[in-house]
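Here is how names work: the chains are called A, B, and so on, in the same order as the sequence lines, proteins then strands, and each is numbered from 1. What's counted below: heavy atoms across the whole structure, side chains too, no hydrogens, waters or symmetry copies.
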Amino acid sequence: MVEGRQLVEKVVSLCKRRGFIFQSSEIYGGLGGFWDYGPLGVELKRNLKDAWWQDMVARHDDTTAPEGLPSPYSMVGLDTSIIMHPQVWKASGHYDLFHDLLVDCKADGCKARFRADQLDSSHCPLKPSKAPGEHSACQLTEAREFNLMFKTYIGALVDPESESYLRPETAQGIFVNFKNVLATARVRLPFGIAQIGKSFRNEITPRNFTFRSREFEQMEIEFFCRPGESSAWYEYWRDRRFAWYVALGLDSSRLRLRDHQSDELSHYSCGTADVEYAFPFLPEGEFGELEGIAHRGDFDLRSHMEGKLVRDGDELILQRDESGRPRHPGSGKDLTYFDDDTGERIVPHVIEPSAGADRAALAFLCEAYSEDAIPDEKGVPQPRVVLRLHPRLAPVKAAVLPLTRKEGMPELAQDLYRTLKQNWNVAYDEKGSIGRRYRRQDESGTPMCVTVDRESLSNGTVTVRDRDTTEQVRIPAAELHEHLAERING
RNA sequence: GCGGGAAUAGCUCAGCUGGAAGAGCGCCACCUUGCCAAGGUGGAGGUCACGGGUUCAACCCCCGUUUCCCGCUCCA
(Lines give C-alpha, C1' and ligand atoms only; values in the text may rest on other atoms or scores of the structure.)
Protein backbone atom coordinates (compact mmCIF):
# COMPACT_ATOMS: atom_id res chain seq x y z
CA MET A 1 0.00 0.00 0.00
CA VAL A 2 1.46 3.31 -1.09
CA GLU A 3 0.63 6.34 1.03
CA GLY A 4 1.71 9.71 2.29
CA ARG A 5 4.49 11.64 0.67
CA GLN A 6 5.48 8.63 -1.43
CA LEU A 7 1.97 8.42 -2.90
CA VAL A 8 1.98 12.14 -3.69
CA GLU A 9 5.23 11.78 -5.59
CA LYS A 10 3.93 8.81 -7.54
CA VAL A 11 0.66 10.56 -8.41
CA VAL A 12 2.45 13.76 -9.46
CA SER A 13 4.90 11.74 -11.53
CA LEU A 14 2.12 9.75 -13.20
CA CYS A 15 0.18 12.93 -13.91
CA LYS A 16 3.17 14.32 -15.75
CA ARG A 17 4.20 11.08 -17.45
CA ARG A 18 0.76 10.19 -18.76
CA GLY A 19 -0.42 13.71 -19.51
CA PHE A 20 -2.92 14.49 -16.76
CA ILE A 21 -1.43 17.64 -15.25
CA PHE A 22 1.53 19.84 -16.20
CA GLN A 23 2.95 22.88 -14.50
CA SER A 24 1.85 26.08 -16.21
CA SER A 25 4.35 27.80 -18.50
CA GLU A 26 6.83 25.04 -17.80
CA ILE A 27 9.24 25.87 -20.63
CA TYR A 28 9.63 29.33 -19.13
CA GLY A 29 10.45 27.96 -15.70
CA GLY A 30 6.91 27.48 -14.43
CA LEU A 31 4.57 29.78 -12.60
CA GLY A 32 3.60 29.10 -9.01
CA GLY A 33 -0.03 28.29 -8.35
CA PHE A 34 -1.04 27.69 -11.96
CA TRP A 35 -1.51 24.32 -13.68
CA ASP A 36 -2.36 22.95 -17.09
CA TYR A 37 -4.45 19.85 -17.76
CA GLY A 38 -3.01 17.55 -20.43
CA PRO A 39 -4.79 15.28 -22.90
CA LEU A 40 -5.92 12.78 -20.23
CA GLY A 41 -6.39 15.40 -17.52
CA VAL A 42 -8.79 17.48 -19.56
CA GLU A 43 -10.95 14.40 -20.15
CA LEU A 44 -10.95 13.53 -16.45
CA LYS A 45 -11.84 17.04 -15.36
CA ARG A 46 -14.48 17.43 -18.05
CA ASN A 47 -16.04 14.09 -17.05
CA LEU A 48 -16.08 15.27 -13.44
CA LYS A 49 -17.78 18.55 -14.32
CA ASP A 50 -20.20 16.77 -16.67
CA ALA A 51 -21.09 14.28 -13.95
CA TRP A 52 -21.80 17.16 -11.57
CA TRP A 53 -23.87 19.06 -14.14
CA GLN A 54 -25.79 15.95 -15.20
CA ASP A 55 -26.48 14.85 -11.62
CA MET A 56 -27.31 18.30 -10.20
CA VAL A 57 -28.94 20.08 -13.14
CA ALA A 58 -29.63 18.30 -16.43
CA ARG A 59 -31.16 15.12 -15.00
CA HIS A 60 -32.81 16.81 -12.06
CA ASP A 61 -36.48 15.94 -11.63
CA ASP A 62 -38.42 19.17 -10.99
CA THR A 63 -41.63 17.30 -10.22
CA THR A 64 -40.76 15.00 -7.34
CA ALA A 65 -40.08 16.05 -3.75
CA PRO A 66 -37.00 14.44 -2.19
CA GLU A 67 -37.90 12.05 0.57
CA GLY A 68 -38.79 13.84 3.78
CA LEU A 69 -38.79 17.30 2.23
CA PRO A 70 -41.77 19.62 1.81
CA SER A 71 -41.71 20.14 -1.95
CA PRO A 72 -40.04 19.46 -5.29
CA TYR A 73 -37.58 22.06 -6.53
CA SER A 74 -36.22 23.34 -9.82
CA MET A 75 -32.63 23.52 -10.99
CA VAL A 76 -31.33 25.84 -13.68
CA GLY A 77 -27.85 26.76 -14.85
CA LEU A 78 -25.91 29.95 -15.47
CA ASP A 79 -22.57 30.99 -16.92
CA THR A 80 -21.60 34.46 -15.76
CA SER A 81 -18.63 36.68 -16.56
CA ILE A 82 -15.36 36.47 -14.67
CA ILE A 83 -14.99 40.24 -14.42
CA MET A 84 -17.94 41.98 -12.83
CA HIS A 85 -18.79 45.47 -11.64
CA PRO A 86 -16.28 46.35 -8.87
CA GLN A 87 -19.14 47.29 -6.56
CA VAL A 88 -20.18 43.61 -6.50
CA TRP A 89 -17.05 42.74 -4.51
CA LYS A 90 -17.42 45.73 -2.20
CA ALA A 91 -21.03 44.95 -1.34
CA SER A 92 -20.32 41.24 -0.94
CA GLY A 93 -17.58 41.97 1.58
CA HIS A 94 -14.78 40.42 -0.47
CA TYR A 95 -13.08 43.74 -1.11
CA ASP A 96 -12.55 44.46 2.59
CA LEU A 97 -11.83 40.89 3.61
CA PHE A 98 -9.41 40.13 0.79
CA HIS A 99 -7.62 43.41 0.97
CA ASP A 100 -5.19 44.35 3.72
CA LEU A 101 -2.31 46.70 4.31
CA LEU A 102 0.30 44.61 6.10
CA VAL A 103 3.52 45.47 7.86
CA ASP A 104 6.36 43.00 8.36
CA CYS A 105 8.96 43.17 11.11
CA LYS A 106 12.42 42.34 9.77
CA ALA A 107 14.07 42.07 13.21
CA ASP A 108 15.95 38.84 13.92
CA GLY A 109 13.80 36.49 15.93
CA CYS A 110 10.62 38.45 15.19
CA LYS A 111 9.66 38.26 11.49
CA ALA A 112 6.06 38.84 12.47
CA ARG A 113 3.38 40.30 10.20
CA PHE A 114 0.80 42.81 11.38
CA ARG A 115 -2.22 44.50 9.90
CA ALA A 116 -1.28 48.14 9.35
CA ASP A 117 -4.64 49.34 10.66
CA GLN A 118 -4.29 47.32 13.87
CA LEU A 119 -0.72 48.15 14.89
CA ASP A 120 -1.79 49.98 18.04
CA SER A 121 -3.77 47.06 19.37
CA SER A 122 -1.21 44.40 18.34
CA HIS A 123 1.56 43.11 20.56
CA CYS A 124 5.24 42.95 19.66
CA PRO A 125 6.22 39.27 19.88
CA LEU A 126 9.60 40.22 21.36
CA LYS A 127 8.18 42.58 23.95
CA PRO A 128 4.46 41.89 24.39
CA SER A 129 3.98 44.90 26.62
CA LYS A 130 4.70 47.12 23.62
CA ALA A 131 3.03 47.62 20.29
CA PRO A 132 4.90 46.71 17.10
CA GLY A 133 7.44 49.45 16.32
CA GLU A 134 7.84 50.63 19.91
CA HIS A 135 10.51 48.10 20.88
CA SER A 136 14.11 49.12 20.14
CA ALA A 137 14.73 46.00 18.06
CA CYS A 138 11.70 46.49 15.84
CA GLN A 139 12.36 46.90 12.12
CA LEU A 140 8.98 47.51 10.53
CA THR A 141 8.62 47.68 6.77
CA GLU A 142 6.43 50.22 5.04
CA ALA A 143 2.80 49.14 4.91
CA ARG A 144 2.40 46.98 1.83
CA GLU A 145 -0.80 46.15 0.05
CA PHE A 146 -1.86 42.51 0.10
CA ASN A 147 -4.77 41.87 -2.18
CA LEU A 148 -5.98 38.35 -2.51
CA MET A 149 -8.15 39.36 -5.45
CA PHE A 150 -6.42 39.73 -8.81
CA LYS A 151 -6.73 43.32 -9.91
CA THR A 152 -7.13 44.32 -13.52
CA TYR A 153 -8.20 47.32 -15.56
CA ILE A 154 -11.25 47.59 -17.77
CA GLY A 155 -10.42 49.40 -20.98
CA ALA A 156 -6.98 50.31 -22.21
CA LEU A 157 -6.47 53.20 -19.81
CA VAL A 158 -4.65 52.29 -16.59
CA ASP A 159 -6.53 54.44 -14.14
CA PRO A 160 -7.93 53.83 -10.61
CA GLU A 161 -11.41 54.53 -11.95
CA SER A 162 -11.19 51.52 -14.26
CA GLU A 163 -9.94 49.04 -11.65
CA SER A 164 -11.74 45.77 -11.36
CA TYR A 165 -11.11 42.24 -10.16
CA LEU A 166 -11.09 38.70 -11.45
CA ARG A 167 -13.80 36.96 -9.47
CA PRO A 168 -12.59 35.09 -6.36
CA GLU A 169 -15.74 32.96 -6.45
CA THR A 170 -18.48 32.19 -8.97
CA ALA A 171 -21.28 32.66 -6.43
CA GLN A 172 -21.67 36.42 -6.83
CA GLY A 173 -22.47 36.02 -10.52
CA ILE A 174 -25.45 33.96 -9.45
CA PHE A 175 -26.67 36.38 -6.78
CA VAL A 176 -26.56 39.40 -9.06
CA ASN A 177 -28.61 37.43 -11.63
CA PHE A 178 -31.23 36.31 -9.10
CA LYS A 179 -33.80 38.77 -10.47
CA ASN A 180 -33.07 37.83 -14.09
CA VAL A 181 -33.52 34.13 -13.45
CA LEU A 182 -36.68 34.71 -11.46
CA ALA A 183 -38.11 36.84 -14.26
CA THR A 184 -37.22 34.54 -17.14
CA ALA A 185 -36.94 30.92 -16.03
CA ARG A 186 -40.43 30.50 -14.54
CA VAL A 187 -38.98 29.16 -11.32
CA ARG A 188 -40.64 29.45 -7.92
CA LEU A 189 -39.17 28.79 -4.49
CA PRO A 190 -37.47 26.57 -3.75
CA PHE A 191 -35.03 26.41 -6.65
CA GLY A 192 -31.32 26.23 -7.30
CA ILE A 193 -28.98 27.94 -9.75
CA ALA A 194 -25.83 26.09 -10.73
CA GLN A 195 -22.64 27.37 -12.28
CA ILE A 196 -19.25 25.95 -13.21
CA GLY A 197 -16.43 28.37 -13.82
CA LYS A 198 -12.95 29.67 -13.14
CA SER A 199 -12.14 31.72 -10.05
CA PHE A 200 -8.93 33.45 -9.02
CA ARG A 201 -7.32 34.05 -5.66
CA ASN A 202 -3.85 35.42 -5.12
CA GLU A 203 -2.93 32.80 -2.53
CA ILE A 204 0.00 33.75 -0.34
CA THR A 205 1.35 30.23 -0.40
CA PRO A 206 0.22 28.05 -3.28
CA ARG A 207 1.23 24.53 -2.31
CA ASN A 208 0.45 20.86 -2.46
CA PHE A 209 0.27 20.32 -6.21
CA THR A 210 -3.08 21.60 -7.53
CA PHE A 211 -4.74 21.72 -4.09
CA ARG A 212 -4.15 25.43 -3.52
CA SER A 213 -4.01 27.05 -6.94
CA ARG A 214 -4.33 30.71 -7.82
CA GLU A 215 -6.59 29.91 -10.76
CA PHE A 216 -9.13 27.19 -10.11
CA GLU A 217 -12.50 25.97 -11.18
CA GLN A 218 -15.58 25.91 -8.98
CA MET A 219 -18.84 24.03 -9.22
CA GLU A 220 -21.35 26.02 -7.22
CA ILE A 221 -25.04 25.87 -6.48
CA GLU A 222 -26.97 28.68 -4.86
CA PHE A 223 -30.18 27.15 -3.60
CA PHE A 224 -32.94 29.62 -2.70
CA CYS A 225 -35.68 28.64 -0.30
CA ARG A 226 -38.18 29.90 2.25
CA PRO A 227 -36.53 30.87 5.55
CA GLY A 228 -38.72 28.46 7.51
CA GLU A 229 -37.60 25.51 5.41
CA SER A 230 -33.93 26.40 5.12
CA SER A 231 -32.64 24.09 7.84
CA ALA A 232 -34.22 21.06 6.21
CA TRP A 233 -32.82 22.01 2.82
CA TYR A 234 -29.39 22.61 4.32
CA GLU A 235 -29.32 19.08 5.68
CA TYR A 236 -30.61 17.73 2.38
CA TRP A 237 -27.79 19.35 0.38
CA ARG A 238 -25.13 18.49 2.91
CA ASP A 239 -26.00 14.78 2.83
CA ARG A 240 -26.64 14.67 -0.90
CA ARG A 241 -23.35 16.29 -1.80
CA PHE A 242 -21.41 13.94 0.46
CA ALA A 243 -23.15 10.97 -1.13
CA TRP A 244 -22.18 12.23 -4.60
CA TYR A 245 -18.48 11.80 -3.90
CA VAL A 246 -19.06 8.38 -2.43
CA ALA A 247 -21.02 7.30 -5.52
CA LEU A 248 -18.14 8.35 -7.77
CA GLY A 249 -15.58 6.33 -5.90
CA LEU A 250 -14.32 8.28 -2.88
CA ASP A 251 -15.66 5.59 -0.64
CA SER A 252 -12.75 5.00 1.63
CA SER A 253 -12.12 6.15 5.16
CA ARG A 254 -10.23 9.08 3.67
CA LEU A 255 -13.49 10.96 3.03
CA ARG A 256 -15.56 12.61 5.74
CA LEU A 257 -18.36 15.09 6.29
CA ARG A 258 -17.57 17.56 9.04
CA ASP A 259 -19.96 20.08 10.58
CA HIS A 260 -18.29 23.35 11.51
CA GLN A 261 -18.20 24.32 15.16
CA SER A 262 -20.13 27.49 15.95
CA ASP A 263 -16.92 29.48 16.55
CA GLU A 264 -15.68 28.40 13.13
CA LEU A 265 -18.64 29.81 11.21
CA SER A 266 -18.34 32.86 9.01
CA HIS A 267 -20.07 35.97 10.29
CA TYR A 268 -23.03 35.43 7.96
CA SER A 269 -23.41 31.66 8.21
CA CYS A 270 -25.82 29.78 10.42
CA GLY A 271 -24.43 26.36 9.56
CA THR A 272 -21.61 25.01 7.43
CA ALA A 273 -20.32 21.55 6.70
CA ASP A 274 -17.25 20.55 4.72
CA VAL A 275 -16.75 17.48 2.61
CA GLU A 276 -13.13 16.69 3.33
CA TYR A 277 -10.58 14.26 1.99
CA ALA A 278 -7.42 13.07 3.72
CA PHE A 279 -5.06 14.03 0.91
CA PRO A 280 -1.79 12.11 1.06
CA PHE A 281 0.27 15.32 1.25
CA LEU A 282 -1.43 16.27 4.52
CA PRO A 283 -0.12 15.10 7.88
CA GLU A 284 -1.66 11.94 9.33
CA GLY A 285 -5.17 12.65 10.61
CA GLU A 286 -5.61 15.93 8.72
CA PHE A 287 -8.18 16.53 6.00
CA GLY A 288 -8.43 19.04 3.16
CA GLU A 289 -11.63 20.69 1.96
CA LEU A 290 -13.26 19.48 -1.25
CA GLU A 291 -16.56 21.25 -0.86
CA GLY A 292 -18.26 23.52 1.64
CA ILE A 293 -22.01 23.42 2.12
CA ALA A 294 -23.06 26.65 3.81
CA HIS A 295 -26.35 27.90 5.14
CA ARG A 296 -25.94 31.59 4.33
CA GLY A 297 -29.32 32.87 5.45
CA ASP A 298 -30.41 36.05 3.66
CA PHE A 299 -26.92 37.57 3.76
CA ASP A 300 -26.15 37.54 0.04
CA LEU A 301 -29.39 38.90 -1.38
CA ARG A 302 -29.57 41.54 1.35
CA SER A 303 -25.96 42.57 0.66
CA HIS A 304 -26.76 43.20 -2.98
CA MET A 305 -29.86 45.16 -2.05
CA GLU A 306 -28.60 47.23 0.88
CA GLY A 307 -24.80 47.10 0.78
CA LYS A 308 -22.00 45.54 2.80
CA LEU A 309 -23.32 43.97 5.98
CA VAL A 310 -21.55 43.43 9.28
CA ARG A 311 -22.56 41.43 12.32
CA ASP A 312 -24.04 43.28 15.29
CA GLY A 313 -24.90 40.77 17.98
CA ASP A 314 -27.42 38.39 16.46
CA GLU A 315 -28.13 40.69 13.56
CA LEU A 316 -26.53 41.64 10.29
CA ILE A 317 -26.64 45.37 9.80
CA LEU A 318 -25.53 47.75 7.09
CA GLN A 319 -21.99 48.97 7.67
CA ARG A 320 -21.80 52.77 7.65
CA ASP A 321 -18.86 55.14 7.38
CA GLU A 322 -18.13 58.15 9.66
CA SER A 323 -20.68 60.31 7.90
CA GLY A 324 -23.39 57.68 8.27
CA ARG A 325 -23.50 56.66 4.63
CA PRO A 326 -23.21 52.97 3.65
CA ARG A 327 -19.54 51.99 3.58
CA HIS A 328 -20.18 49.98 0.41
CA PRO A 329 -23.67 50.49 -1.02
CA GLY A 330 -25.56 47.67 -2.71
CA SER A 331 -27.50 47.84 -5.96
CA GLY A 332 -30.58 49.36 -4.39
CA LYS A 333 -32.65 46.94 -6.46
CA ASP A 334 -35.44 44.90 -4.92
CA LEU A 335 -34.29 41.28 -4.73
CA THR A 336 -37.19 40.10 -2.59
CA TYR A 337 -39.53 37.31 -3.63
CA PHE A 338 -43.31 37.48 -3.59
CA ASP A 339 -44.65 34.27 -2.11
CA ASP A 340 -47.98 33.52 -3.82
CA ASP A 341 -48.86 30.96 -1.16
CA THR A 342 -48.78 33.39 1.74
CA GLY A 343 -49.05 36.71 -0.05
CA GLU A 344 -45.86 37.80 1.70
CA ARG A 345 -42.72 39.35 0.29
CA ILE A 346 -39.59 37.62 1.63
CA VAL A 347 -35.84 37.58 1.23
CA PRO A 348 -35.09 33.95 0.38
CA HIS A 349 -32.49 32.05 2.35
CA VAL A 350 -29.53 30.56 0.53
CA ILE A 351 -27.91 27.15 0.83
CA GLU A 352 -24.58 27.09 -0.98
CA PRO A 353 -22.87 23.83 -1.92
CA SER A 354 -19.55 25.08 -3.31
CA ALA A 355 -17.14 22.50 -4.72
CA GLY A 356 -13.62 22.74 -6.10
CA ALA A 357 -13.34 20.91 -9.43
CA ASP A 358 -9.55 20.76 -9.33
CA ARG A 359 -9.50 19.55 -5.75
CA ALA A 360 -12.06 16.88 -6.55
CA ALA A 361 -10.05 15.76 -9.59
CA LEU A 362 -6.96 15.53 -7.42
CA ALA A 363 -8.79 13.56 -4.73
CA PHE A 364 -10.13 11.11 -7.30
CA LEU A 365 -6.63 10.67 -8.74
CA CYS A 366 -5.10 10.05 -5.31
CA GLU A 367 -7.88 7.64 -4.40
CA ALA A 368 -7.61 5.81 -7.72
CA TYR A 369 -3.86 5.31 -7.72
CA SER A 370 -2.91 1.83 -6.70
CA GLU A 371 -0.23 -0.75 -7.20
CA ASP A 372 -0.93 -4.45 -7.25
CA ALA A 373 0.54 -7.59 -8.77
CA ILE A 374 -0.90 -9.87 -11.39
CA PRO A 375 0.55 -13.19 -12.54
CA ASP A 376 2.49 -13.37 -15.82
CA GLU A 377 2.35 -16.36 -18.19
CA LYS A 378 4.49 -18.38 -15.77
CA GLY A 379 2.22 -17.52 -12.86
CA VAL A 380 4.79 -15.24 -11.24
CA PRO A 381 3.18 -12.07 -9.82
CA GLN A 382 4.34 -8.94 -11.61
CA PRO A 383 3.80 -5.42 -10.26
CA ARG A 384 1.23 -3.16 -11.89
CA VAL A 385 0.19 0.50 -11.57
CA VAL A 386 -3.52 1.00 -12.06
CA LEU A 387 -5.83 4.00 -11.76
CA ARG A 388 -9.08 2.63 -10.42
CA LEU A 389 -11.16 5.59 -11.57
CA HIS A 390 -14.93 5.32 -11.71
CA PRO A 391 -15.89 4.56 -15.35
CA ARG A 392 -17.82 7.84 -15.54
CA LEU A 393 -14.65 9.75 -14.67
CA ALA A 394 -12.15 7.66 -16.64
CA PRO A 395 -10.61 9.74 -19.48
CA VAL A 396 -10.77 6.85 -21.93
CA LYS A 397 -13.70 4.45 -21.59
CA ALA A 398 -12.28 1.57 -23.57
CA ALA A 399 -9.28 0.62 -25.71
CA VAL A 400 -9.71 -1.50 -28.82
CA LEU A 401 -6.70 -3.75 -29.38
CA PRO A 402 -5.94 -6.20 -32.18
CA LEU A 403 -4.17 -9.17 -30.62
CA THR A 404 -1.70 -9.15 -33.49
CA ARG A 405 -1.07 -6.95 -36.46
CA LYS A 406 -1.85 -9.78 -38.86
CA GLU A 407 -4.69 -11.59 -40.56
CA GLY A 408 -6.97 -8.59 -40.72
CA MET A 409 -7.23 -8.07 -36.95
CA PRO A 410 -6.25 -4.37 -37.13
CA GLU A 411 -8.91 -3.73 -39.76
CA LEU A 412 -11.66 -5.33 -37.71
CA ALA A 413 -10.45 -3.61 -34.54
CA GLN A 414 -10.42 -0.22 -36.28
CA ASP A 415 -14.00 -0.79 -37.47
CA LEU A 416 -15.09 -1.43 -33.88
CA TYR A 417 -13.07 1.56 -32.69
CA ARG A 418 -14.77 3.89 -35.15
CA THR A 419 -18.20 2.62 -34.17
CA LEU A 420 -17.63 2.99 -30.42
CA LYS A 421 -15.96 6.38 -30.90
CA GLN A 422 -19.31 7.84 -31.95
CA ASN A 423 -20.49 7.54 -28.36
CA TRP A 424 -17.40 7.46 -26.18
CA ASN A 425 -13.80 8.47 -26.00
CA VAL A 426 -12.13 5.17 -26.91
CA ALA A 427 -8.53 4.45 -27.87
CA TYR A 428 -6.98 2.23 -30.53
CA ASP A 429 -3.55 0.71 -29.94
CA GLU A 430 -1.67 -1.93 -31.90
CA LYS A 431 1.86 -1.15 -30.70
CA GLY A 432 3.77 -3.57 -28.50
CA SER A 433 2.81 -6.82 -26.84
CA ILE A 434 -0.77 -7.28 -25.71
CA GLY A 435 0.28 -7.38 -22.06
CA ARG A 436 2.18 -4.14 -22.45
CA ARG A 437 -0.90 -2.50 -24.00
CA TYR A 438 -3.12 -3.66 -21.14
CA ARG A 439 -0.67 -2.10 -18.68
CA ARG A 440 -0.63 1.20 -20.56
CA GLN A 441 -4.42 1.39 -20.34
CA ASP A 442 -4.36 0.39 -16.66
CA GLU A 443 -2.11 3.36 -15.89
CA SER A 444 -4.49 5.73 -17.70
CA GLY A 445 -7.48 4.35 -15.83
CA THR A 446 -9.24 2.87 -18.88
CA PRO A 447 -11.89 0.54 -17.43
CA MET A 448 -12.17 -1.86 -20.38
CA CYS A 449 -9.98 -3.31 -23.10
CA VAL A 450 -11.67 -4.85 -26.13
CA THR A 451 -9.41 -7.37 -27.85
CA VAL A 452 -9.83 -8.67 -31.38
CA ASP A 453 -8.28 -12.11 -31.93
CA ARG A 454 -8.38 -14.91 -34.48
CA GLU A 455 -11.73 -16.08 -33.15
CA SER A 456 -13.16 -12.60 -33.74
CA LEU A 457 -12.46 -13.00 -37.43
CA SER A 458 -14.25 -16.33 -37.65
CA ASN A 459 -17.27 -15.83 -35.36
CA GLY A 460 -17.57 -12.10 -34.66
CA THR A 461 -16.88 -12.25 -30.92
CA VAL A 462 -14.38 -10.15 -28.96
CA THR A 463 -12.99 -10.31 -25.45
CA VAL A 464 -13.58 -7.52 -22.93
CA ARG A 465 -10.98 -7.26 -20.18
CA ASP A 466 -11.82 -5.60 -16.87
CA ARG A 467 -9.21 -3.14 -15.59
CA ASP A 468 -9.67 -3.94 -11.91
CA THR A 469 -9.89 -7.74 -12.01
CA THR A 470 -8.07 -8.34 -15.35
CA GLU A 471 -10.77 -10.92 -16.04
CA GLN A 472 -12.03 -11.35 -19.57
CA VAL A 473 -15.43 -12.20 -20.99
CA ARG A 474 -16.09 -13.10 -24.59
CA ILE A 475 -19.12 -11.43 -26.16
CA PRO A 476 -20.45 -10.88 -29.68
CA ALA A 477 -19.10 -7.64 -31.12
CA ALA A 478 -22.69 -6.65 -31.81
CA GLU A 479 -23.31 -6.48 -28.04
CA LEU A 480 -20.31 -4.26 -27.33
CA HIS A 481 -22.29 -1.05 -27.27
CA GLU A 482 -24.74 -2.36 -24.71
CA HIS A 483 -21.93 -3.90 -22.64
CA LEU A 484 -19.96 -0.65 -22.47
CA ALA A 485 -23.04 1.46 -21.77
CA GLU A 486 -23.96 -0.74 -18.83
CA ARG A 487 -20.47 -0.59 -17.36
CA ILE A 488 -20.01 3.17 -17.86
CA ASN A 489 -23.45 4.37 -16.82
CA GLY A 490 -23.98 1.73 -14.15
C1' G B 1 6.97 36.87 3.93
C1' C B 2 11.00 33.89 7.02
C1' G B 3 14.29 29.51 7.53
C1' G B 4 16.10 24.82 5.40
C1' G B 5 16.55 21.36 1.14
C1' A B 6 16.29 20.44 -4.07
C1' A B 7 16.50 21.25 -9.69
C1' U B 8 20.88 16.60 -14.91
C1' A B 9 16.58 12.95 -21.11
C1' G B 10 9.23 12.31 -21.08
C1' C B 11 9.71 9.55 -15.81
C1' U B 12 13.15 7.75 -11.75
C1' C B 13 18.01 8.90 -10.85
C1' A B 14 23.84 8.24 -11.21
C1' G B 15 27.81 11.55 -12.45
C1' C B 16 34.62 10.79 -8.17
C1' U B 17 39.19 16.04 -6.29
C1' G B 18 36.81 21.05 -11.74
C1' G B 19 39.09 17.80 -17.31
C1' A B 20 34.59 14.70 -23.82
C1' A B 21 26.73 14.09 -20.91
C1' G B 22 25.30 8.65 -18.49
C1' A B 23 21.87 4.32 -16.88
C1' G B 24 17.09 2.02 -16.29
C1' C B 25 12.22 2.67 -17.75
C1' G B 26 9.26 5.18 -21.40
C1' C B 27 8.89 6.79 -26.70
C1' C B 28 9.73 5.81 -32.34
C1' A B 29 11.06 2.16 -36.54
C1' C B 30 11.85 -2.83 -37.98
C1' C B 31 12.11 -8.13 -36.55
C1' U B 32 10.25 -11.91 -33.16
C1' U B 33 6.28 -13.60 -29.86
C1' G B 34 0.85 -13.64 -29.67
C1' C B 35 -3.90 -12.72 -23.73
C1' C B 36 -1.28 -9.82 -19.14
C1' A B 37 5.11 -5.06 -18.66
C1' A B 38 10.71 -5.06 -19.24
C1' G B 39 13.04 -10.60 -26.44
C1' G B 40 16.44 -8.73 -30.65
C1' U B 41 18.45 -4.69 -33.80
C1' G B 42 18.47 0.36 -34.70
C1' G B 43 16.89 5.46 -33.48
C1' A B 44 15.07 10.20 -31.56
C1' G B 45 15.47 13.07 -27.20
C1' G B 46 19.81 17.34 -22.81
C1' U B 47 22.17 25.17 -23.54
C1' C B 48 22.92 19.82 -16.81
C1' A B 49 16.35 25.35 -14.16
C1' C B 50 17.75 30.63 -15.68
C1' G B 51 21.40 34.83 -15.54
C1' G B 52 26.11 36.46 -14.09
C1' G B 53 31.12 35.47 -11.98
C1' U B 54 35.91 32.66 -10.88
C1' U B 55 39.05 29.40 -14.06
C1' C B 56 43.13 27.37 -19.48
C1' A B 57 38.65 24.50 -18.53
C1' A B 58 32.28 24.60 -14.66
C1' C B 59 26.82 19.72 -14.17
C1' C B 60 30.57 20.45 -10.18
C1' C B 61 33.06 26.44 -6.91
C1' C B 62 30.78 31.69 -5.85
C1' C B 63 26.60 35.41 -6.35
C1' G B 64 21.65 36.49 -7.96
C1' U B 65 16.84 34.87 -9.92
C1' U B 66 12.88 31.30 -10.79
C1' U B 67 10.31 26.91 -9.60
C1' C B 68 9.34 22.70 -6.47
C1' C B 69 9.54 20.23 -1.54
C1' C B 70 9.75 20.60 4.06
C1' G B 71 8.92 23.65 8.51
C1' C B 72 6.95 28.42 10.28
C1' U B 73 3.42 32.42 8.93
C1' C B 74 -1.18 33.15 6.34
C1' C B 75 -5.63 30.81 4.94
C1' A B 76 -12.21 34.66 2.96
Query raised in the report: Which nucleotide, C68(B), C36(B), C74(B), lies nearest any side-chain atom of Q23(A)?
Result: C68(B)
Report summary line: Checking C36(B), A37(B), C35(B) against the side chain of I434(A) (C-beta onward), the nearest is C35(B)
Report task. Rounded to the nearest angstrom, tell me the gap between atom CD in E371(A) and atom P in C36(B). Result -> 21 Å
Report summary line: Among the nucleotides C36(B), U33(B), C11(B), whichever has the atom closest to the side chain of K406(A) is U33(B)
Query - By ring pair (Phe, Tyr, Trp, His ring centres under 6.0 Å) - contacts of F279(A) (at least two apart) - result: F211(A), Y277(A), F281(A)
Report task. Decide salt bridge (Lys or Arg N to Asp or Glu O under 4.0 Å) for R388(A) and E367(A); before the verdict, give the C-alpha distance in whole Å, the side-chain angles of both, and the deciding distance to 0.1 Å. Result -> CA-CA 8 Å; R388(A) 300 181 190 276; E367(A) 181 77 18; over 6 Å; no
Query raised in the report: Looking only at N and O atoms, is any donor in the side chain of R437(A) or the base of C36(B) less than 3.5 Å from an acceptor on the other one?
Result: no
Query raised in the report: What interatomic distance, in whole Å, is found between C1' of C27(B) and the corresponding atom of A38(B)?
Result: 14 Å
Requested in this report: Provide the distance between the two P atoms, one in A44(B) and one in U33(B), to the nearest whole Å.
Outcome: 28 Å
Query raised in the report: Checking all strands, does P375(A) fall into the base, sugar-phosphate, or nothing category for heavy-atom contacts under 4.0 angstrom?
Result: sugar-phosphate
Query raised in the report: Is there a donor-acceptor contact under 3.5 Å from the side chain of K308(A) to the main chain of H328(A)?
Result: no
Query raised in the report: Roughly, in whole Å, what's the span from CZ in R439(A) to P in C25(B)?
Result: 15 Å
**Report entry** Residue Q382(A), side-chain atoms from C-beta onward, closest of G26(B), A38(B), C36(B)
**Finding:** A38(B)
Report task. Could you tell me whether S13(A) contacts a base, only the sugar-phosphate backbone, or nothing, with contacts defined as non-hydrogen atoms closer than 4.0 Å? Result -> sugar-phosphate
Query raised in the report: On a plain distance test, is the side chain of D442(A) in donor-acceptor contact with the base of C36(B) below 3.5 Å?
Result: no
Requested in this report: Report the stems of RNA chain B as range-with-range entries sorted by first number; a stem here is at least three consecutive pairs, Watson-Crick or G-U wobble, both distances under 3.5 Å, and write none if there are none.
Outcome: B:1-7 with B:66-72, B:10-13 with B:22-25, B:27-31 with B:39-43, B:49-53 with B:61-65
Query - Interatomic distance, K431(A) NZ vs U32(B) P [rounded to whole Å] - result: 18 Å
Query raised in the report: Hey, is the side chain of R440(A) poking within less than 4.0 Å of OP1 or OP2 on C27(B), counting only N and O atoms?
Result: yes
**Report entry** Per T451(A) side chain, nearest of listed nucleotides C36(B), C74(B), C35(B)
**Finding:** C35(B)
Query - Rounded distance (Å) that lies between atom C1' of C36(B) and atom CD of Q472(A) - result: 8 Å
Report task. State which of C35(B), G10(B), A29(B) makes the closest approach to the side chain of K16(A). Result -> G10(B)
